[in-house]
There are 2 protein chains.
Amino acid sequence: MAVGIRDVARAAGVSTATVSRALGKGPVSDALREQVEAAVRATGYRPNLSARRLRSQAAQTIGLIVADIRNPFFTAVSRAVEDAAYRAGMRLILCNTGEDAEREALYLRLMQEERVTGVVFAPTRRTAERLRPEDFPFPLVLIDRTGPPGGHDGVVLDNVAAGAALVDHLVEQGFSRISGLFGSTSSTAEERRDGYLSAMRRHGLAPQVRTVLPDAEPAQGEVARWLAGADRPEALVLSNGLILMGAVRAARAAGLAWPGGIALAGFDNEPWTDLVEPGLTVIEQPVAEIGAQAMDLLFDRLKNPDQPVRKVVLSGRLIARGSTARR
Amino acid sequence: MAVGIRDVARAAGVSTATVSRALGKGPVSDALREQVEAAVRATGYRPNLSARRLRSQAAQTIGLIVADIRNPFFTAVSRAVEDAAYRAGMRLILCNTGEDAEREALYLRLMQEERVTGVVFAPTRRTAERLRPEDFPFPLVLIDRTGPPGGHDGVVLDNVAAGAALVDHLVEQGFSRISGLFGSTSSTAEERRDGYLSAMRRHGLAPQVRTVLPDAEPAQGEVARWLAGADRPEALVLSNGLILMGAVRAARAAGLAWPGGIALAGFDNEPWTDLVEPGLTVIEQPVAEIGAQAMDLLFDRLKNPDQPVRKVVLSGRLIARGSTARR
DNA sequence: ACGGCCTATGAAAACGTTTTCATAAGCAGC
DNA sequence: GCTGCTTATGAAAACGTTTTCATAGGCCGT
C-alpha cells in the first residue's frame with residue numbers, strides 16, 4: 001500500500017541512502033540517479049514529509065497568523081506572504097484568530113509544536129504586550145500591529161501620520177466637527193487614534209473618539225447610535241476597512257448619504273470603496289510591500305539571529321474621493 | 001535546548017511510554033499522571049507533531065484547496081471548513097491555486113506528501129475532468145465545482161436553476177435583450193450558462209454568451225468592449241462575484257449607471273453588493289452550509305469508505321435589488 | 001492459599017526519512 | 001607499483017514520538 005523509500009531502493013537496486021541523495025542534492029552518479037528516478041516513477045513513490053521533517057529538523061514551513069481573513073487587507077497581505085514562502089520553497093500554515101487572544105495563544109502553541117521555521121503574526125494589543133522573544137524558538141515577525149519596542153521585528157504603517165493625514169484632509173475640505181471611531185483590539189487603531197488626536201489639537205479642534213470591536217456589525221451599530229444622538233458629527237474617521245463599511249451602512253440607513261450628509265474617511269483601499277458613490281476617501285496601505293518586507297525580515301533574522309531588532313515603517317497614501325467632498 | 005519526551009520522562013521519574021500515555025488517553029494512574037503533568041510544566045515540553053504524525057500515521061490534518069481566496073465566496077466557505085476542522089481537533093492547510101492547473105497539481109501532490117486525512121477542493125474544469133479517485137489515498141470532496149459523475153463526493157449549488165432564475169427575474173422585470181458573461185475555468189460557470197441558455201430558449205429569447213477568466217479585470221475589459229459594440233445588451237447576467245464587480249466598473253466607466261443604463265444580475269451576496277447604489281441583484285449562496293456539508297461528507301467518507309458517491313445540491317436565493325429594477 | 005486475569009508500567013521496536021560513518025574504488029604523484 | 005586523497009556508495013544510527021510486547025503486582029473466585 002504505502003510505498004516508502006525502501007521500496008524505491010529495492011526497485012532501483014540501491015540503498016535507501018542513495019535514493020535519498022538522488023532525490024535531494026547529495027553526490028550521486030548520473031547512472032544511479034537515473035535508475036532511482038525510474039524507480040520513483042515506477043513505484044509512484046511520494047516522500048513522507050513528516051518523516052523528512054523529523055529527521056532533518058527543518059520544517060520548511062512558515063506560519064501566518066492573522067486577525068481576520070475576511071478583512072481584504074489581510075487577504076492581500078497573505079498573498080504576498082504566500083508568494084514569498086512559495087518562492088523560498090516553503091509551505092505556509094494560515095491561521096485565523098478572529099481577534100481572540102485565546103486562539104492566538106492556541107495557534108502560537110501550534111507553531112511551536114509544528115517546529116516551524118518562522119512566524120508572521122498580526123497580534124491583538126493584549127497579546128502583543130505579553131510577547132517575549134525568548135519564549136519562541138523561531139523568528140516572529142509582527143505585521144500591521146506592533147508590540148513593546150525592541151521585542152520583535154515588524155512591519156507597520158506609519159499609522160500616526162496616516163490618522164493625522166485624514167484629519168488634515170477633512171479640515172482642508174472645510175469640516176471641523178470631526179469625530180473618530182477606532183478599533184479596540186490593536187495597537188494600530190490606537191496609533192491611528194493618536195494621529196487623529198494630535199492633528200485635531202494642532203488645528204485647534206475638539207476631538208471626539210469612540211472605540212469598537214473592529215468588525216462591520218458592531219461599527220454599524222455604534223455609528224447608528226452616534227448619528228441618532230445630539231452630538232452628531234459632520235465627518236467621521238474610521239480606523240479600518242470593516243469599520244468603514246459599517247459606517248457606510250449606518251449612514252445609508254440614517255438617510256445621510258453624502259454629499260450634504262456625513263463625510264467619511266477611512267483606511268484600506270478595498271475594491272468596493274470606489275464603487276459606492278461618490279467614492280470613499282481612504283488611506284491606501286502598501287499591502288504587497290508589507291507582506292514582502294515581513295518575509296524579508298524573517299529570512300534576514302534566520303540568517304543572522306543576533307542582529308538588532310528592526311522595525312520597518314511604511315507610508316500610506318491618501319486617496320481622496322467624493323465621500324469627503326468640500327461642503 | 002530542545003526538550004523531548006525523554007526529558008519529561010526523566011524529570012517525572014517514569015518511562016517515555018508513561019509520559020506518552022499520560023498526555024494521550026492511555027491508562028495511567030492518577031498519581032503518575034500528575035507527576036507527568038508537573039514535569040511537563042517544569043520542562044516546558046512541547047510535543048513534536050512531525051514525530052507524532054510519523055509514528056501514529058494520523059496527520060489529523062485536512063487540506064483546503066481553493067481557486068482564489070480574494071473571492072469572498074471562498075473566504076466564507078473557508079471559515080466554515082476551518083470551524084468544522086477545528087471542532088474535530090484537526091488542523092487545516094489552506095492553498096490558493098489562482099485557477100492555475102499547474103498549482104492545483106502541485107498542491108494535490110503536497111497533500112499526498114503531507115499524508116493528510118482528507119481534502120476539500122474547488123478544482124478548475126480541466127483538473128476536475130482528470131480527477132480519478134483511485135489516485136488519492138484520502139477522501140477528496142469537491143466544492144462549488146464538480147467533476148465527472150460518480151467520481152468524488154461534492155457539494156454544489158443548483159447552478160442551472162440559479163442561472164435560469166436570474167433570466168426569469170430579468171424577463172419579469174421587462175428585459176428581453178439579456179446577455180450572459182461566464183467564467184471560463186469552472187464547471188460551475190458552465191452550468192450557470194446552461195441555465196441561462198435554457199431559460200432564454202424557454203422565453204423565446206435570443207441568447208448571447210461570452211466567456212472570460214473569472215476575475216474582475218478581465219471581466220471589466222470584456223464588458224467594456226461589449227458595451228462599446230453595436231450589439232449592446234439591455235441586461236447582463238454575470239457568473240460570479242468578481243465578474244460582477246468588473247461589470248459594475250465597466251458600466252460606470254461607460255456612463256451607463258442604472259436605472260436606465262444597463263441592468264446587472266450576478267452571483268454571490270457579497271457585503272458590497274447592497275452598498276453600490278441602487279443595489280445589485282444577486283443569487284445568494286449558502287456559503288456556511290456549503291463548507292459544513294463538505295466536511296460532513298468528508299467525515300462520513302472516512303467512517304465508511306465504501307459507501308456510494310454522494311453529491312449534495314443546495315439551492316441559491318434570489319435577492320432582487322435596484323440593478324434590475326423594472327424599466 | 002493458589003491459579004488466573006486484569007491493570008499499570010517499562011523496555012524496546014517501529015514509523016520513514018536523512019545523515020553519519022566506514023569502505024571500496026578510482027586516480028594522481030612519486 | 002605503492003601511498004595518499006577524493007569520490008560514490010552502503011550499513012546503520014538518529015530524529016521524537018506511539019505502540020507493542022512482556023512483566024510484575026493486585027485482586028477475584030474457588
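Residue numbering restarts at 1 for every chain, and letters A, B, ... go by the order of the sequence lines.
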Whole Å only: how far is the [atom1] atom of [X] from the [atom2] atom of [N]?
| X | N | atom1 | atom2 | value |
| --- | --- | --- | --- | --- |
| B:R46 | D:dT17 | CZ | P | 12 Å |
| B:R6 | C:dA12 | CZ | P | 11 Å |
| B:R53 | D:dC15 | CZ | P | 20 Å |
| A:L49 | C:dT18 | CG | C1' | 13 Å |
| A:R55 | D:dC15 | CZ | C1' | 6 Å |
| A:Y45 | C:dT18 | OH | P | 6 Å |
| B:E113 | C:dT18 | CD | P | 11 Å |
| A:E114 | D:dG16 | CD | C1' | 14 Å |

Task: Least distance between heavy atoms, A:F74 atom then A:D68 atom - done: CD1-O, 3.5 Å
TODO: Specify the closest pair of heavy atoms between A:G89 and A:Q60, including all atoms of both residues, with the distance to one decimal.
DONE: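 Heavy atoms of A:G89 and A:Q60 come nearest at O-NE2, 4.1 Å.
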Task: Nucleic acid contacts of residues 15-34 of chain A, taken as heavy-atom distances under 4.0 Å to DNA chain D - done: A:S15, A:A17, A:T18, A:R21, A:P27, A:V28, A:S29, A:L32
Open item on the list: When you measure from the side chain of B:S187 to the backbone of B:T146, do you find a donor-acceptor pair of N or O atoms at a distance under 3.5 Å?
Closed with: yes
Task: B:E114 side chain to B:T61 side chain, donor-acceptor N/O pair below 3.5 angstrom - done: no
Open item on the list: Reading DNA chain D from 5' onward, which residue's closest nucleotide shows up sooner: A:S56 or B:S56?
Closed with: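 First, find each residue's nearest nucleotide; the 5'-ward one identifies A:S56.
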Task: Side-chain touch B:T188/B:L157, heavy atoms, less than 4.5 angstrom - done: no
Task: Axis deviation across the helix from C:dA1-D:dT30 to C:dC30-D:dG1, five-pair ends, to the nearest 10° - done: 40°
TODO: Compare side-chain N and O positions of B:Q57 against OP1 and OP2 of C:dG16 and report whether any pair is under 4.0 Å apart.
DONE: yes
Open item on the list: If you go through the side-chain atoms of B:R52, does one of them form a donor-acceptor pair with the base of D:dT17 closer than 3.5 Å?
Closed with: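 Between D:dT17 and B:R52, which were checked side chain against base, a qualifying N/O pair under 3.5 Å is absent.
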Open item on the list: Please report the interatomic distance CG(A:D144) to CD(A:Q285), rounded to the nearest 0.5 Å.
Closed with: 6.0 Å
Open item on the list: Closer than 4.0 angstrom, basic N to acidic O: yes or no for A:R145 and A:E99?
Closed with: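 Yes, charged N to carboxylate O under 4.0 Å.
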Task: Residues B:D215, B:R70: salt bridge by 4.0 Å N-O rule - done: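 B:R70 and B:D215: salt-bridged.
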- [ ] Mind jotting down which residue pairs meet the side chain to side chain donor-acceptor pair (under 3.5 Å) criterion with at least one end in residues 18-32 of chain B? Sequence neighbours excluded, please.
- [x]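 As it turns out, the side chain to side chain donor-acceptor pair (under 3.5 Å) pairs with a partner in residues 18-32 of chain B, which skip direct neighbours, are B:S15-B:T18.
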- [ ] Just compare C:dT17, D:dT19, C:dG16 and give me whichever is closest to any side-chain atom of A:I5.
- [x] C:dT17
